[in-house]
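For reference, the structure discussed in these notes is given below.
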Amino acid sequence: MKQKLKFLKNKIREGDFIFLSYILIFIGLCILFSASKGIITKEGFFIRQILWILIGTVFVYIFKNSDYRNLEKISYLLYLIILILLSVVLVKGEGRSSRWIGLGWFYFQPSEFAKLVIILTLSSYLSKRDIRRFPVLFISLIIVGIPFLLVFKQPNLGTAIIFILIFLGISYISGITRKQLIGLFLIVLFSSPLIWSIMKDYQRERILTFINPMRDPLGKGYNLLQSKITIGSGGFIGKGFMKGTQTKLAFLPEYHTDFIFCVIAEEFGFLGVLIFVLIYYYFLSKILEIIYITKDNFGKLVATGIFVLFTGHFLINLGMTIGIFPIVGIPLPFISYGGSSLIVSILSVIILSSIVKYST
């Protein structure tokens, strides 16, 4: 066992995650450049994405030598700040779903940052406590539950689901029992009618459309049907870079954000998708190695939360584009357009690099 741990430690370098993340960022930038050349001119979002990448790169140089353990000391302060921001969004949020706070040309989405803050706060709380004790489990649910309700109210079902996955992932590593999990499942099961009743009409429609896209093929089911058509049209080798027709002619809406995977599939086909998935798989597997060898409990839990964050986004985004999950508005980290999502992803990578440096 010690030999295996030593091998993994030598195998992982603190710069690996930054290097891999910039490979994914470069792929995303190429795809966004292609997406910006459709009949609906969107070159502005490509330029803005470059700006966000530059800002993220500045963060890398500023914080690359920082000790992640300092975040444990300020996690509760960050949690309080993010609750305030999520509350402000409900009052003064901008956009169709009131998810953004606008300051001139600058827009940011507090719910994206809330994901990372929840990881830090929950990890800080559980790193020194036994989740098998009911009071600890209850407070853990409170830590996740308050931002969950605030985000669900926006409404932002996709991010709320990620909160749940983060809780389950960190709780599992913390030692939650099977009885506790069964109890939580039964609570959710019996409260599902209440959850359904408080969901927005469009959220219920998305779920019903997922079950049967043809119930409204030109309305609620349009995105899902066009997504499948776009992916299938790529064939084995794709139509070629910047030669996608479903996206360029705007048959597929939101192809630069939630449905950007469809651009990859259409232009590079099954072969391109396979290469992309393998790169992402390698990136996620390196995080698993960190979880395995990290000695510090806080670091292990944080790495687990970040792994769930990236894996959840990746699987749900791909799943909703091919029709195995309902459409819930989940971006593809490093690839989809969006400053808040990109900055959170880069910050997560910086933290992973710090864990490698200080706790393995």
Side-chain angles (χ1 to χ4, degrees), residues 12-33 35-36 42-75 77-79 81-82 84-86 88-89 94 99-121 159 256-257 260 279-280 283 286-287 290 299 302-303 305-307 309-310 313 331-359:
I12 302 175
R13 296 170 298 178
E14 59 184 273
D16 287 351
F17 291 101
I18 293 176
F19 176 73
L20 287 170
S21 66
Y22 272 85
I23 289 178
L24 292 169
I25 288 172
F26 176 75
I27 293 172
L29 203 56
C30 291
I31 300 303
L32 283 172
F33 178 77
S36 69
K42 294 177 179 288
E43 292 184 352
F45 72 71
F46 174 72
I47 301 299
R48 287 193 293 271
Q49 189 76 348
I50 294 177
L51 178 60
W52 286 116
I53 292 172
L54 294 175
I55 294 173
T57 303
V58 171
F59 286 159
V60 170
Y61 279 98
I62 293 176
F63 299 114
K64 66 178 181 178
N65 294 319
S66 301
D67 190 338
Y68 77 95
R69 289 171 291 193
N70 294 325
L71 293 171
E72 185 175 7
K73 303 173 184 177
I74 63 171
S75 59
L77 175 61
L78 294 175
Y79 182 77
I81 292 172
I82 206 66
I84 293 173
L85 290 175
L86 289 174
V88 170
V89 167
E94 299 189 25
R99 300 177 185 178
W100 288 266
I101 294 178
L103 299 172
W105 66 270
F106 176 78
Y107 287 82
F108 75 101
Q109 194 171 352
S111 60
E112 288 294 326
F113 293 91
K115 299 169 188 175
L116 187 54
V117 171
I118 286 177
I119 290 172
L120 296 173
T121 308
T159 297
H256 63 303
T257 54
I260 196 166
I279 294 172
Y280 227 107
F283 172 74
K286 300 292 282 187
I287 305 179
I290 285 189
V302 170
I306 293 174
F307 172 78
L309 173 64
F310 283 129
H313 273 261
L332 189 55
F334 302 115
I335 310 297
S336 294
Y337 167 73
S340 298
S341 175
L342 180 63
I343 294 300
V344 169
S345 297
I346 291 177
L347 290 175
S348 299
V349 165
I350 295 172
I351 293 172
L352 289 173
S353 298
S354 180
I355 293 174
V356 173
K357 183 175 183 179
Y358 293 103
S359 292

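Positions are given from 1 along the sequence.
- In this structure, Phe45 and Leu32 have side chains that are in contact, with non-hydrogen atoms separated by less than 4.5 Å.
- With rounding to the nearest 0.5 Å, the separation of CG in Leu29 from CD1 in Ile335 is 10.0 Å.
- Counting only heavy atoms from C-beta outward, the side chains of Leu71 and Val302 never approach each other to under 4.5 Å.
- Between atom OG of residue Ser345 and atom NE2 of residue His313 there is a gap of 7.5 Å, rounded to the nearest 0.5 Å.
- Note: Leu309 CG to Ile119 CD1 = 5.0 Å, rounded to the nearest 0.5 Å.
- Taken to the nearest 0.5 Å, the CD1 atom of Ile18 stands 10.0 Å off from the CD1 atom of Ile25.
- Checking side-chain atoms of Ser341 against main-chain N and O of Pro333 turns up no donor-acceptor pair under 3.5 Å.
- Legend: residues meeting ring-ring contact (aromatic ring centres under 6.0 Å, His included) with Phe33, ordered by chain and number and at least two apart, are Phe46.
- Scanning for side chain to side chain contact (heavy atoms under 4.5 Å, CB included) contacts around Phe59 gives Ile55, Phe63, Ile343, Leu347, Ile350, with sequence neighbours left out.
- A search for side-chain hydrogen bond (donor to acceptor under 3.5 Å, both in side chains) contacts involving Tyr22 returns Thr57, not counting sequence neighbours.
- For the pair Ile47/Leu51, no side-chain contact is recorded, criterion being any heavy-atom separation below 4.5 Å from C-beta on.
- Expressed to the nearest 0.5 Å, how far CZ of Arg48 lies from CD1 of Ile53 amounts to 13.5 Å.
- Applying the side chain to side chain contact (heavy atoms under 4.5 Å, CB included) test to Leu78 and every residue at least two apart in sequence or in another chain returns Ile74, Val117, Leu120.
- Partners of Phe334 under the ring-ring contact (aromatic ring centres under 6.0 Å, His included) rule, at least two apart in sequence or in another chain, are Phe283, Phe310.
- Considering every non-hydrogen atom in both Ile290 and Ala303, the closest pair reads CG2-CB, 3.8 Å.
- Residues Leu85 and Ile82 meet the side-chain proximity criterion, which asks for heavy atoms closer than 4.5 Å.
- The line from CD1 of Ile306 to CD1 of Ile351 is 5.0 Å long, rounded to the nearest 0.5 Å.
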Would Lys357 and Asn65 satisfy side chain to side chain contact (heavy atoms under 4.5 Å, CB included), going step by step from the backbone distance to the final call? CA-CA 9 Å; Lys357 183 175 183 179; Asn65 294 319; 3.2 Å; yes

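- Residues passing the side chain to side chain contact (heavy atoms under 4.5 Å, CB included) test with Ser340 are Phe108, Gln109, Glu112, Phe113, sequence neighbours excluded.
- With sequence neighbours excluded, no residue satisfies side-chain hydrogen bond (donor to acceptor under 3.5 Å, both in side chains) with Ser21.
- Nearest heavy atoms, Tyr358 versus Ser66: CE1-O, 3.4 Å.
- Of all heavy-atom pairs between Ser353 and Phe17, the closest is OG-CB, 4.0 Å.
- Under the rule for a side-chain hydrogen bond (donor to acceptor under 3.5 Å, both in side chains), the partners of Tyr68 that lie at least two apart in sequence or sit in another chain are Asp296, Ser359.
- In this structure, the side chains of Val89 and Ser111 stay at 4.5 Å or more apart for every pair of heavy atoms.
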